[in-house]
Engineer: 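Below you'll find the structure I mean.
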Amino acid sequence: MPTLWLDDIGADDLDVVGGKAASLGELTAAGLPVPSAFVVTADTYRSFIEESGIDTELFETVDIDSDDSQALAAAAERAQELILETDTPPSVREDLLAAYDQMGESDVAVRSSATAEDLPDASFAGQQETYLNVSRADLLDRVKECWASLFTQRAIYYRQEQGFSHVDVDIAVVVQEMVDAEKSGVMFTSHPSTGAPKAILEAAWGLGEAVVSGAVSPDNYIVDRESGEIEEVTVADKKVMCVRGEDGETIERSVPEEKRTERVLSADEIERLLAIGEQVEDHYGEPQDVEWAIDDDTVYVLQSRPITTIDEGTADSADDGGDGTTDATAAGVADGGEMEAPDAVRLTGIGSSPGTVTGTVSIVTKLDNLDKVSEGDIIVAEMTTPDMVPAMKRAAGIVTDEGGMTSHAAIVSRELGVPAVVGAEDATDRLRDGQTVTLDGDMGTVEQGSSVATEEDDEPEPAAQPSSEHSRIKPMTGTEVKVNVSIPEAAERAAATGADGVGLLRIEHMILSTDKTPARYVEDHGERAYIDEIVEGVRTAAEAFYPRPVRVRTLDAPSDEFRQLQGGEDEPSEHNPMLGYRGIRRSLDRPGEFKLELRAFQRLFDLGYDNVELMLPLVTDAEDILRAKSLMQEVGIDPAKRRWGVMVETPASALCIEELCETGLDFVSFGTNDLTQYTLAVDRNNGNVADRFDELHPAVLDLMSQVIGTCRENDVATSICGQAASKPEMVQFLVDEGVTSISPNIDAVRDVQHEVKRVEQRLLLESVR
Ligand code: PEP
Ligand code: MG
């Protein structure tokens, strides 16, 4: 059978219809109102390539070294051409058109549904092409285009890298009635972070694309599912909506003035959606994220996926009274057994990654084998290094003697979501292996014993509480709120915050974790391997966020960090590395090495990661930028076609901003860690002057204000990606000044989104008063 109707599809048909269609079939079988659809089965695709005889050539064509970008591009082009230029067999054509006629719709949506979707991360198996408003005349071509999407460069590269055989991956295509939605949105059937029985609905006018793509700020409704009470209604100013254009295409249009601030969902509609939410959650047995639409007073379910952001620890602690501790606390109690005197040891440092946790101390010195760190242990080290990341992932908490908020331990623990205290001075001396301690990553304390076992009845520490319910919900903001990522392992988690992209992806950690300087790495493994190392790390983030932009910064590590690696003896020994050979200065002095980084960017572009943006660190003036720009051109990057920009983190670059804008850059981003240290002459790593390190100093703010003003005049986007992006005062200042985006640490994204929204609303209010 070339086609199957949704009613005939069961969970066993995954191989035949792919993940997307199987889930629509399951929703239909559960009695939910899914728009009608039929599926062009995977067998149909398979017989298309086999019966036409193109299969042998197709699989030979894509059997290439996917690291060879030219070969990859040629293979993708040829494979797609083979599919697109081969006629659909008459029997399939007839069957498809008959099914289309039976559906009785003029326009349909055509979506690919790859059959390897049950494999981990195999959404890549097909590019998940979707075509909306497809007419009868275009139906066959669109179906073939879905088939061809199995062979884009990204898809071929991915399968090759993951070791999936091209021959084993098939693709089905869903042809579905288009719902001409009057209103639409998403519904979390349970609270998306705590799992509490509260439904969260987001709703806007028109087709769902506007809500899903983030083009519009939707209304937000919070409903207590147990009492049915609508607890909170936030009516947004909905400026745009997606509608069907005259030729059937999806277009964005302004919402008529009188409807912009009108509430979208009535109490009755909310009730009907909730009933559907109950049914979906009952059916799957776990909370769901449901896409819905309302057309002509009929509610439709378009898609449902499990909510993956529920924090089990938070959910548990919310249930048992909310002490805010994570799962590892319970493990710590069990492991720790007996109660220890609570304050026999009490250390204080800087709380650098939030959360409270109890676990067993595992002291790690540089020479130690990291295998001694077991799941749920608390790592105690002088300082962490990139090769400790795998152990840090297993750990329940991290304590270091040294370091501040921007140290390796602080950055990595925040990204991994592991509570951490840094700069605790003598933790490695005062704590001992096997001891049970409780670490509070908000307050910056480490205490002997388990606080849960000994202080059960105490009032919970306010800082250890899960954030308020409201703060867990993503608010829509005009100013973009992105997120910083330093280790590829954190990319998925960072993407799940709903951030508008990555404002800073540091590639230093990818290089440093090889334990070799770039020069030594290339000497030992060759240029190709070095490029691959960068491509692989960046690709993880570019993929997790696609199509949201990911701003990747070229190498910026000071020479003292390189000196600790193999090959470090060839690095300069500097009195003051912070004022020395780092960032763009090093890159321009070593064009050979720098061009390898640039070639990694070019390869990512070739692979289809058009969301990757290039950012240059520590520039002084336009001269630095123009030199880097010509190296970009030398490796084939066209600066006019790609989005690129620079960090503003030296006073010189801020004072020369007018000339910087003339280089043609698209954006600048404030690196306030460095801008502060260079403006105030305060070494960011020097504890003796730490109390003088103030990113909100009027001198720093003045420079930033001038830069934003000039950039606005020159149509250059502005951003911040330094640590201060996580501070509410800085957020207020920058939104007031008109910054384009803010990129905080992963743990601060939600709070910053709310802070931005609050300031934006105040500005709006002020403008009308
Ligand atoms: C900064 O200087 O603020 C910045 C983001 O860069 P880094 O911390 O990597 O120097
Ligand atoms: Mg910097």
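Starting from 1, each residue takes its place in the sequence as its number.
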Engineer: State plainly whether the residues R642 and D666 are in salt-bridge range, i.e. N to O under 4.0 Å.
Structural biologist: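 Not counted as a salt bridge, because no side-chain N and carboxylate O are separated by less than 4.0 Å.
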Engineer: Does the distance from a Lys or Arg side-chain N to an Asp or Glu carboxylate O, for R244 and D107, drop under 4.0 Å?
Structural biologist: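 Counted as a salt bridge, because a side-chain N and a carboxylate O are separated by less than 4.0 Å.
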Engineer: With a 4.0 Å cut-off, would you call K482 and D500 a salt bridge?
Structural biologist: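 Not counted as a salt bridge, because no side-chain N and carboxylate O are separated by less than 4.0 Å.
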Engineer: A cation-pi test, strictly: NZ or CZ of R111 under 6.0 Å from the centre of the six-membered ring of Y131 and no more than 45 degrees from its axis. Yes or no?
Structural biologist: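 Geometry flag: not set, cation outside 6.0 Å or 45°.
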Engineer: Using the six-membered ring of Y609, assess whether NZ or CZ of R539 lies under 6.0 Å from its centre and within 45 degrees of the ring axis.
Structural biologist: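 Ring-cation test returns no.
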Engineer: For K516, enumerate each residue passing the salt bridge (Lys or Arg N to Asp or Glu O under 4.0 Å) test, keeping only those at least two apart in sequence or located in another chain.
Structural biologist: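 Partners of K516 under the salt bridge (Lys or Arg N to Asp or Glu O under 4.0 Å) test: D524.
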Engineer: Quick one: list whatever passes salt bridge (Lys or Arg N to Asp or Glu O under 4.0 Å) with R586, sequence neighbours left out.
Structural biologist: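 Scan of R586 (salt bridge (Lys or Arg N to Asp or Glu O under 4.0 Å), adjacent residues dropped) gives E571, E593.
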Engineer: Going by heavy atoms in the side chains, are Q80 and E145 under 4.5 Å from each other?
Structural biologist: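 Result no, sub-4.5 Å side-chain heavy-atom pair not found.
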Engineer: Any side-chain hydrogen bond (donor to acceptor under 3.5 Å, both in side chains) involving residues 631-640? Give me the pairs, sequence neighbours left out, ordered by first then second residue.
Structural biologist: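 Those involving residues 631-640 are K595-E634.
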Engineer: Side-chain contact, heavy-atom cut-off 4.5 Å: V552 with L614?
Structural biologist: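 No. Closest side-chain heavy atoms not under 4.5 Å.
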Engineer: Would you say that more than 12 heavy atoms from the other residues, nucleotides or ligands in this model lie under 6.0 Å from the CZ of R528, or not?
Structural biologist: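 Yes, CZ of R528 has more than 12 neighbouring heavy atoms, counting only those of other groups under 6.0 Å.
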Engineer: Other residues, nucleotides and ligands only: do more than 12 of their heavy atoms fall within 6.0 Å of CD on E77?
Structural biologist: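 For E77, atom CD is not crowded (no more than 12 foreign heavy atoms under 6.0 Å).
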Engineer: Where do S149 and T152 land on the side chain to side chain donor-acceptor pair (under 3.5 Å) test, with the steps shown first?
Structural biologist: CA-CA 6 Å; S149 74; T152 60; over 6 Å; no
Engineer: Does any N or O in the side chain of T497 come within less than 3.5 Å of the main-chain N or O of R493, such that one atom is a donor and the other an acceptor?
Structural biologist: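 Checked: no pair found.
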Engineer: Does a side chain donor of either E533 or Y521 reach within less than 3.5 Å of an acceptor in the other side chain?
Structural biologist: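 Result is yes, a qualifying pair exists.
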Engineer: Could you tell me whether D589 and R627 have a side-chain N and a carboxylate O separated by less than 4.0 Å?
Structural biologist: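 R627 and D589: not salt-bridged.
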Engineer: Just by modelled atom types, is the E623 backbone N or O under 3.5 Å from a matching donor or acceptor in the D621 side chain?
Structural biologist: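 Yes: the side chain of D621 pairs with the backbone of E623.
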Engineer: Does atom CZ of R643 have more than 12 heavy-atom neighbours, drawn from other residues, nucleotides or ligands, at distances under 6.0 Å?
Structural biologist: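 Enclosed.
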Engineer: Please determine whether a side-chain nitrogen of the Lys or Arg among E760 and K757 lies less than 4.0 Å from a carboxylate oxygen of the Asp or Glu.
Structural biologist: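 Salt bridge: no.
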